Every structure is written in structure tokens, then in C-alpha cells.
Amino acid sequence: MLHGWCEWSIESAEGNLKKEENIFRQLKKGFTTHFGKRTYIQKQRLTWHLIFPKDIEQPFIMSVYTPDPRPQVISNPNKIATVDYIVVGEESLDMNLLKCLDLSKIRLLKGNKGIQSVVFKDSEIKIEDILN
């Protein structure tokens with residue numbers, strides 16, 4: 001049975017997720033962490049931090065990459081440079097947990113479950129247009 005996209009994340013503005021780990025602990029929500037690293041262009045070392053909730057219905061949390069490898073200017077033929085926000089169904093989400101996290105890039109939709117859409121900044125193109 002097809003259920004659609006499965007994982008989505010909330011990105012922290014910080015290079016570490018200490019604040020988010022404390023939120024999980026205070027709410028007594030189980031989680032695991034992962035510290036990632038890899039060598040990027042010109043042998044630049046990137047690091048990041050992830051939190052994976054034990055409840056797989058919840059989003060994982062990701063820190064920013066340190067140092068930030070994103071180019072100053074992104075130029076794609078389709079003119080898309082960034083995601084504005086994602087639309088996610090509220091069903092099965094832990095709203096007490098989510099209220100404590102940064103939802104500035106998330107739009108919640110009642111009566112649905114999982115990722116519903118990805119909306120790009122300054123573009124009429126939808127992710128469904130690209131995937132189809």
C-alpha cells in the first residue's frame with residue numbers, strides 16, 4: 001500500500017540541538033541523536049546534529065551544517081532557489097512537542113497525515129509538478 005512521502009524534518013537555526021534535546025527530555029519524549037560529518041568540496045569538513053524521535057510519526061530535527069556550504073546565489077533553470085514552507089497533515093502529530101519547536105516553515109493541515117506539499121519561494125511551481 002502506498003502511503004506517500006514518509007520522513008520530514010524541522011531545521012534548527014543552530015549548529016547544535018541542545019535546546020531541542022532539552023525539550024524532548026522535559027516532555028519525556030524518547031529520542032536518539034546522531035552527529036554527522038563529512039568532507040565537502042576543497043576538503044572542507046561539514047558537521048551537523050540530528051534528533052530522531054522514537055515515535056516515527058514525528059519529524060526528525062536537523063541542525064544547520066557547520067560551516068554553511070550553501071552558495072550565496074542559487075541559479076536553477078526552473079528559477080527555484082529555496083523552499084518557502086511544507087504542508088504537513090496534523091493527524092498523528094504530537095502537537096505538544098511541535099508547539100515547542102520552530103514551525104516557521106511548516107503549515108499544518110487538519111484531517112490529513114504526512115507531507116502534503118512543498119511550496120517553493122517566489123514560484124508557482126509545486127513539488128507535484130516536478131515529481132510527475
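All values derive from a computational prediction rather than experimental measurement.
Of the listed residues (Val64, Ile61, Thr66, Leu17), just one forms a side-chain contact (heavy atoms from CB on, under 4.5 Å) with His49, and that residue is Leu17.
Phe120 places a side-chain heavy atom less than 4.5 Å from the side chain of Val83. At a threshold of 4.5 Å between non-hydrogen side-chain atoms, the residues Asn112 and Glu91 do not count as touching. Leu97 is listed as a side-chain neighbour of Phe24, based on a closest heavy-atom distance under 4.5 Å. The shortest side-chain heavy-atom distance between Met95 and Leu108 falls under the 4.5 Å cut-off. Contact annotation: the side chain of Pro53 never approaches that of Lys29 to less than 4.5 Å [non-hydrogen atoms, C-beta and beyond].
In this structure, Ile115 is not a member of the same hydrophobic cluster as Leu109, with clusters built from ILVMFWY side-chain heavy atoms closer than 4.5 Å. Both Val118 and Trp8 belong to a single network of hydrophobic side chains, linked directly or stepwise wherever heavy atoms of I, L, V, M, F, W or Y lie under 4.5 Å apart. Following chains of ILVMFWY side-chain contacts shorter than 4.5 Å, one can reach Ile51 starting from Leu93, so the two form part of one hydrophobic cluster. Leu101 and Val88 fall within the same hydrophobic cluster, defined by Ile, Leu, Val, Met, Phe, Trp and Tyr side-chain heavy atoms under 4.5 Å apart, directly or through other members. There is no path of hydrophobic side-chain contacts, each under 4.5 Å, that joins Phe31 to Phe35.
Of all heavy-atom pairs between Ile10 and Pro59, the closest is CD1-CG, 3.9 Å. Closest non-hydrogen pair, Ser9 versus Ile106, comes out as O-CD1, 4.5 Å.
Looking at His34, its side chain never comes within 3.5 Å of a backbone N or O of Leu50 through a donor-acceptor pair. Within the 3.5 Å criterion, the main-chain N or O of Asp94 finds a donor-acceptor partner in the side chain of Gln58. A donor-acceptor contact shorter than 3.5 Å links the side chain of Gln116 to the backbone of Gly114.
The environment of Glu14 atom CD is sparse: at most 12 non-hydrogen atoms of other residues, nucleotides or ligands sit within 6.0 angstrom.
Remark: Glu20 CD to Asp102 CG distance equals 8.5 Å, nearest 0.5 Å. Atom OG of residue Ser63 and atom NZ of residue Lys18 lie 11.0 Å apart, to the nearest 0.5 angstrom. One finds the OG1 atom of Thr47 at 9.5 Å from the NZ atom of Lys37 (value rounded to the nearest 0.5 Å). Here the straight-line distance linking atom CD of Gln44 with atom OG1 of Thr39 works out to 9.5 Å at 0.5 Å rounding. To the nearest 0.5 Å, atom CD of residue Glu90 and atom CZ of residue Arg107 are 13.0 Å apart. Note that OG1 of Thr82 and NZ of Lys105 are 5.5 Å apart. Values are rounded to the nearest 0.5 Å.
Using a 30° and 60° split on the angle between ring planes, Tyr65 and Trp48 fall in the perpendicular class, above 60°.
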